[in-house]
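See below for the structure under consideration.
Atoms considered below: every heavy atom in the structure, side chains included; atoms not considered: hydrogens, waters and symmetry mates. Everything numeric here is computed off the predicted structure, so don't read it as measured data.
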Amino acid sequence: MILHTLLDYDVLRVIWWVLLGVLLVAFAVTDGFDLGTGTLLPFVAKTDLERRVVINSVGPVWEGNQVWLVLGGGAIFAAWPQLYAVSFSGFYLAMFAVLLALILRPVGFKYRSKRDDPRWRATWDWALFVGGFVPALIFGVAMGNVLQGVPFRLEPDMQIFYDGGFFGLLNPFALLCGLVSVAMLVMHGASWLALKTEGAVARRARNWGMRAAVAVVLLYALAGWALWAFVDGYRITSEIVTTGASNPLFKTVAGEGGAWFANYAAHPWTLAAPVLGFLGALLALLGLARRWEGLTMLFSSLSIAGIILSVGASMFPFILPSSIQAAASLTVWDSSSSHLTLFIMLVGTCIFLPLIIGYTSWVYKVLWGKVDAAGIRDGKGHAY
């Protein structure tokens with residue numbers, strides 16, 4: 001228990017805020033190319049054989065990639081219970097739509113090639129497109145709503161009330177963030193296909209990936225401008241207590257224009273996140289044009305990390321602001337689990353996270369190499 005006493009409550013809260021960001025980035029980087037590949041499927045593959053090549057490029061790894069989504073949800077539930085309660089209840093219909101779309105992926109992978117019927121296979125191809133496009137869009141829309149503030153309130157007994165609706169989530173700024181997300185993951189999926197396939201599929205993937213990279217730069221810049229010009233950020237106006245009880249109502253908060261950019265002025269090193277978002281996309285564009293397959297995948301991953309981390313850098317210490325009761329906004333300092341709970345979870349994470357990274361790396365090493373039409377015809381090592 002000596003380590004428990006050395007890790008103060010405020011330190012553990014920041015550690016778990018960082019770990020939450022790591023899990024979100026890991027999910028976007030790994031499962032993101034699955035979603036991007038599904039979105040690109042009808043556009044980069046024109047024949048049945050080409051579509052099987054695309055599907056088999058992600059078929060062996062997509063299930064393992066989703067472990068990061070499970071870990072992220074589990075981390076939110078255990079480390080940030082109030083965040084879990086508000087987001088998973090307030091965004092219930094959006095989450096349900098994501099789950100329905102994600103369910104289409106395994107069904108599509110398993111059933112598509114069960115019948116040699118063009119209409120049957122085309123139907124499942126579009127189901128795989130929906131399974132990639134819808135989650136990519138909704139995740140971005142959710143992020144846009146978080147930046148604007150979510151319409152929830154807290155009673156003195158910590159009872160949570162959500163006063164919003166599903167269609168209220170589909171506002172212009174949130175949809176713009178959804179487009180950023182779609183472009184970002186299409187760029188990533190194209191980078192993966194350029195790495196894992198060859199011939200016409202790889203060529204079309206590079207073309208779509210370059211368009212998506214340009215769209216990422218333009219849409220991300222437009223979203224940043226809209227955030228500055230039209231979206232009020234939030235600022236804690238009372239004394240900040242970093243080791244107090246997890247009660248959001250112990251503080252006062254004010255909304256003001258440009259508040260989400262205050263951290264960049266106060267801590268210039270945080271500018272590294274948005275710079276990485278732009279630079280990674282530009283380098284991915286160059287890599288796709290020059291056919292730097294491995295480097296392009298790296299550049300695309302760095303762009304995703306920069307874009308996601310820029311949201312966290314902008315909002316810190318806020319995790320989920322309230323648009324109707326600013327004082328109820330959830331922050332790093334007042335919405336976490338107990339000191340002991342965070343410590344026990346950190347010990348478990350230090351044990352199991354390296355194991356997950358290790359076996360995931362081993363799987364990618366075993367499955368390394370391109371998927372080609374000859375392998376699909378022979379049926380050797382390809383299940384879909």
Side-chain angles (χ1 to χ4, degrees), residues 21 23-45 54-55 57-59 61-69 72 94 97-99 101-102 104-105 108 126-144 146 174-197 201 204-223 276-278 280-285 287-288 296-311:
L23 293 175
L24 291 175
V25 170
F27 169 67
V29 168
T30 56
D31 204 46
F33 68 73
D34 297 343
L35 300 177
T37 298
T39 304
L40 285 169
L41 177 62
F43 308 104
V44 300
V54 172
I55 291 170
S57 72
V58 296
V61 297
W62 74 269
E63 289 178 288
N65 292 338
Q66 294 214 134
V67 70
W68 298 105
L69 178 62
V98 168
L99 289 177
L102 291 178
L104 288 175
R105 286 202 296 174
W126 283 106
L128 290 172
F129 166 80
V130 171
F133 176 81
V134 170
L137 178 67
I138 292 182
F139 286 141
V141 167
M143 194 66 72
V146 169
L175 289 172
L176 174 59
C177 292
L179 292 178
V180 173
S181 176
V182 171
M184 178 179 74
L185 297 187
V186 167
M187 174 186 69
H188 199 45
S191 301
W192 173 258
L193 288 174
L195 176 67
K196 292 290 290 183
T197 65
V201 172
R204 296 187 195 111
R206 285 192 295 270
N207 290 335
W208 280 103
M210 287 188 285
R211 296 170 190 169
V214 172
V216 169
V217 173
L218 297 178
L219 291 171
Y220 185 41
L222 181 60
L276 189 61
F278 284 114
L282 291 172
L283 289 174
L285 172 63
L288 287 165
T296 300
M297 196 68 189
L298 173 62
F299 296 148
S300 179
S301 300
L302 291 176
S303 179
I304 290 174
I307 291 172
I308 294 175
L309 294 177
S310 69
V311 176

So Leu102 and Gln66, do their side chains get closer than 4.5 Å, heavy atoms only?
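Answer yes - side chains close enough.
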Check: Ser191 and Phe33 side chains under 4.5 Å, non-hydrogen atoms:
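They are not in contact (no side-chain heavy atoms under 4.5 Å apart), so the answer is no.
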Which pair of non-hydrogen atoms, one from [X] and one from [Y], has the smallest distance, and what is that distance?
X      : Y      : answer
Gly209 : Ala190 : CA-CB, 3.4 Å
Ala28  : Leu185 : O-CD2, 4.0 Å
Ala183 : Ala212 : O-CB, 3.6 Å
Ile307 : Gly277 : CG1-CA, 3.9 Å
Leu176 : Ala223 : CD2-CA, 3.6 Å
Ile138 : Ala97  : CD1-CB, 3.7 Å

Check: Trp208 side chain, Gly189 main-chain N or O, donor-acceptor pair, under 3.5 Å
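A pair under 3.5 Å: no.
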Ser181 side chain to Leu137 main-chain N or O, any donor-acceptor pair under 3.5 Å?
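Between the backbone of Leu137 and the side chain of Ser181 there is no qualifying donor-acceptor contact (under 3.5 Å).
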Partners of Tyr220 by ring pair (Phe, Tyr, Trp, His ring centres under 6.0 Å), sequence neighbours excluded?
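Tyr220: ring pair (Phe, Tyr, Trp, His ring centres under 6.0 Å) contacts with Phe278.
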Can you name the residues that form a ring pair (Phe, Tyr, Trp, His ring centres under 6.0 Å) with Trp68, not counting sequence neighbours?
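Applying ring pair (Phe, Tyr, Trp, His ring centres under 6.0 Å) to Trp68 gives none.
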Which residue pairs pass the side chain to side chain donor-acceptor pair (under 3.5 Å) test when at least one of the two sits in residues 297-307, sequence neighbours left out?
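Residue pairs with at least one partner in residues 297-307: His188-Ser300.
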Give every residue pair that meets the side chain to side chain donor-acceptor pair (under 3.5 Å) criterion with at least one member in residues 26-35, sequence neighbours excluded.
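Output for this query lists Asp31-Arg105, Asp34-Asn65.
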What residue among Asn207, Thr197, Leu193 forms side-chain contact (heavy atoms from CB on, under 4.5 Å) with Val44?
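Checked Asn207, Thr197, Leu193 against Val44; only one passes side-chain contact (heavy atoms from CB on, under 4.5 Å): Leu193.
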To the nearest 0.5 Å, what is the distance between [atom1] ([X]) and [atom2] ([Y])?
X      : Y      : atom1 : atom2 : answer
Met297 : Leu288 : CE    : CG    : 10.5 Å
Leu128 : Ile55  : CG    : CD1   : 5.5 Å
Phe139 : Leu69  : CZ    : CG    : 5.5 Å
Leu195 : Leu298 : CG    : CG    : 11.5 Å
Thr296 : Met187 : OG1   : CE    : 10.0 Å
Phe133 : Leu35  : CZ    : CG    : 11.5 Å

Worked verdict on Leu282 versus Val217 for side-chain contact (heavy atoms from CB on, under 4.5 Å)
CA-CA 7 Å; Leu282 291 172; Val217 173; 3.8 Å; yes
side-chain hydrogen bond (donor to acceptor under 3.5 Å, both in side chains) partners of Thr37, counting only residues at least two apart:
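Not a single residue meets the side-chain hydrogen bond (donor to acceptor under 3.5 Å, both in side chains) criterion with Thr37.
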Quick one: side-chain hydrogen bond (donor to acceptor under 3.5 Å, both in side chains) partners of Arg206, sequence neighbours excluded?
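With neighbours one apart ignored, the set is empty.
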